[in-house]
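The basis for the numbers below is simple: all heavy atoms, side chains too, and nothing from hydrogens, waters or symmetry mates.
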Amino acid sequence: MKSYKDLSPSLRTIMTPGPVEVDPRVLRAMSYPILGQFDPEFTELMNETMEMLRDVFQTKNQWAFPIDGTSRSGIEAVLVSVIEPGDKVLVPIYGRFGNLLVEISERCGAEVVLLEREWGTVFDPEEIIAAIHREKPSIVAIVHGETSTGCIQPFDGIGAACREVDALLVVDAVATIGGVPVKTDEWQLDAVIGGTQKCLSVPSGMSPITYNERVEAKVMRRKTIERGLREKGSAVSARKPVASNYFDLGQLQDYWSPKRLNHHTEATSMLYALREGLRLVLQEGLEERYRRHQRHEAALVAGLKAMGLSLYGNPDCKLTVVTCIHIPDGIAGESVRSMLLNSFGIEIASSFGPLKGQIWRIGTMGFSCNQKNVLHVLGALEAVLLWHGADITVGKALQAALTLYARKEEELPC
């Protein structure tokens with residue numbers, strides 16, 4: 001019989017837009033003993049996780065809990081639960097993941113209205129507000145931070161405009177939660193989806209979400225108790241039920257509420273990881289965490305520019321936690337990435353769609369966002385580009401980053 005060697009993954013410096021390196025304290029939490037999902041000790045951990053999610057999402061919403069699955073599971077859970085066939089959904093697209101919102105909405109039977117901008121730019125909020133008033137959609141679905149282009153969409157006035165036409169505003173904050181401000185209540189966001197594997201520095205496998213009473217009202221109109229759990233008087237909606245059992249927010253609410261109505265077997269170790277990751281975020285402090293991400297992004301950008309590399313995208317809408325770089329003319333982008341990985345143990349990302357082969361993407365997210373990693377990637381990238389014959393400025397990148405690190409925090413660019 002074939003034998004297999006011990007599992008021993010290589011140690012990497014992961015500087016992609018996700019996944020990122022995981023804090024050892026989170027990995028330690030995942031090793032703890034398993035508890036039953038209705039053990040009072042475990043349900044108290046569930047309650048604490050909900051409390052911490054409210055703080056991180058900056059909301060007073062009752063509902064803030066994780067969906068078991070990767071970040072896409074949270075997006076799908078929200079959209080499949082709020083979109084009824086025939087609903088009009090407005091989707092402003094400025095990168096790959098706006099297109100994902102379109103695809104999921106279409107699969108839910110929505111009438112999708114598109115707004116599109118050139119990749120590398122974002123919308124003036126007034127463009128979106130005008131479309132909201134013109135189209136009067138049931139739902140507006142927008143990506144907050146596009147990792148495919150390294151851009152971030154401002155939300156000034158969009159939430160208020162949605163309230164004026166009674167539209168729900170659903171926001172994909174997978175790339176931003178825990179690294180960039182996401183002000184759920186202040187911005188009047190109705191549902192927000194996060195991810196674990198980016199700025200929260202938890203392994204992929206859960207998608208924290210939050211939503212308000214406006215979303216809950218629509219969910220409850222379609223509420224149906226699972227057939228095998230129904231008792232006399234159980235809710236059975238006359239409307240078309242949510243197409244997915246697993247992603248039905250109405251059923252998941254009962255699981256995460258004091259009812260503890262059985263829905264699925266909770267991913268125990270992942271909940272431990274999320275709880276510890278959230279605890280570390282709040283221990284650091286949200287504002288301090290945002291400043292840390294800004295500081296290391298600024299050092300990385302200073303080094304890249306000193307090397308003579310040019311950044312992709314409009315700098316006015318740059319996403320703090322992802323930096324996109326034009327691949328120099330004549331340089332094989334995948335060869336550079338391969339040498340960084342094999343010779344230095346560093347992983348950066350390529351891109352996809354119209355940007356495939358055009359840019360590299362470097363993430364400065366969560367636990368990966370630190371001075372050692374930034375200096376490591378700058379030094380290694382300079383060496384690898386020289387090896388490939390790139391026309392770059394030698395010896396300036398690390399000095400530029402070190403100069404920035406030597407400056408006081410209040411002197412740093414915002």
Side-chain angles (χ1 to χ4, degrees), residues 13-22 69-76 91-104 116-123 141-155 170-182 192-208 289-290 293-294 296-297 300-301 304 311-327 333 337 346-369 373-374 377:
T13 299
I14 305 179
M15 299 294 281
T16 72
V20 302
E21 298 167 19
V22 175
T70 62
S71 300
R72 193 170 299 207
S73 72
I75 297 170
E76 190 143 343
V91 184
I93 302 171
Y94 61 102
R96 174 191 171 183
F97 294 102
N99 286 290
L100 175 62
L101 299 178
V102 171
E103 179 162 327
I104 295 174
E116 297 193 66
R117 292 282 291 181
E118 181 182 357
W119 288 26
T121 65
V122 296
F123 294 88
I142 315 179
V143 176
H144 184 213
E146 257 291 357
T147 55
S148 65
T149 63
C151 294
I152 187 167
Q153 173 63 48
F155 277 82
V170 175
V171 176
D172 170 354
V174 169
T176 51
I177 194 72
V180 176
V182 178
V192 186
I193 302 103
T196 55
Q197 78 280 13
K198 297 180 186 287
C199 296
L200 295 182
S201 280
V202 173
S204 178
M206 276 188 164
S207 180
R289 194 171 180 92
Y290 302 149
H293 283 84
Q294 289 172 342
H296 296 300
E297 175 220 24
L300 175 66
V301 168
L304 293 170
L311 303 188
Y312 166 82
N314 183 345
D316 292 337
C317 58
K318 185 185 180 304
L319 176 59
T320 305
V321 296
V322 181
T323 298
C324 298
I325 312 153
H326 287 285
I327 299 173
R337 288 183 64 243
I346 296 171
E347 183 181 5
I348 66 171
S350 56
S351 196
F352 19 63
L355 295 178
K356 185 175 182 180
Q358 304 299 310
I359 65 170
W360 294 307
R361 297 175 301 137
I362 300 179
T364 43
M365 291 179 160
F367 192 70
S368 288
C369 180
N373 281 6
V374 168
V377 76

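- Scanning for ring-ring contact (aromatic ring centres under 6.0 Å, His included) contacts around H296 gives Y405, with sequence neighbours left out.
- For T323, the side-chain hydrogen bond (donor to acceptor under 3.5 Å, both in side chains) partners two or more places apart in sequence, or in a different chain, are K318.
- Legend: residues meeting salt bridge (Lys or Arg N to Asp or Glu O under 4.0 Å) with R289, ordered by chain and number and at least two apart, are E284.
- Checking T13, T364, L304, I348 one by one against V377, the side-chain contact (heavy atoms from CB on, under 4.5 Å) holds for a single residue, I348.
- The side-chain contact (heavy atoms from CB on, under 4.5 Å) search around S73 returns I67, S207, F247, not counting sequence neighbours.
- In this structure, the salt bridge (Lys or Arg N to Asp or Glu O under 4.0 Å) partners of E103, at least two apart in sequence or on a different chain, are R107.
- Partners of R337 under the salt bridge (Lys or Arg N to Asp or Glu O under 4.0 Å) rule, at least two apart in sequence or in another chain, are E334.
- Residue pairs meeting the side-chain hydrogen bond (donor to acceptor under 3.5 Å, both in side chains) criterion with at least one member in residues 144-153, sequence neighbours excluded: H144-T176, E146-S148.
- Atoms CD1 and CD, on I362 and E297 in that order, are 11.5 Å from each other to the nearest 0.5 Å.
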Donor-acceptor pairs under 3.5 angstrom involving side-chain atoms of residues 195-202: please list them, not counting sequence neighbours.
residue : atom : partner : partner atom : Å
T196    : OG1  : P203    : O            : 2.8
T196    : OG1  : M206    : O            : 3.2
Q197    : OE1  : S71     : OG           : 3.1
Q197    : NE2  : S71     : OG           : 3.2
K198    : NZ   : P17     : O            : 2.5
S201    : OG   : E21     : O            : 3.3
S201    : OG   : F367    : N            : 2.5

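- To the nearest 0.5 Å, atom CD1 of residue I193 and atom CD of residue E76 are 11.0 Å apart.
- To the nearest 0.5 angstrom, N373 atom CG is 8.0 Å from I346 atom CD1.
- For the atom pair CD1 of I93 and CH2 of W119, the computed distance is 9.5 Å after rounding to the nearest 0.5 Å.
- Applying the ring-ring contact (aromatic ring centres under 6.0 Å, His included) rule to Y312 yields the partners H326; only residues at least two apart in sequence or on another chain are considered.
- Qualifying salt bridge (Lys or Arg N to Asp or Glu O under 4.0 Å) partners for R361, counting only residues two or more places apart in sequence or in other chains: none.
- Residues passing the side-chain contact (heavy atoms from CB on, under 4.5 Å) test with P181 are K183, Y290, sequence neighbours excluded.
- Between N314 and V122, the closest side-chain pair of non-hydrogen atoms is not below 4.5 Å.
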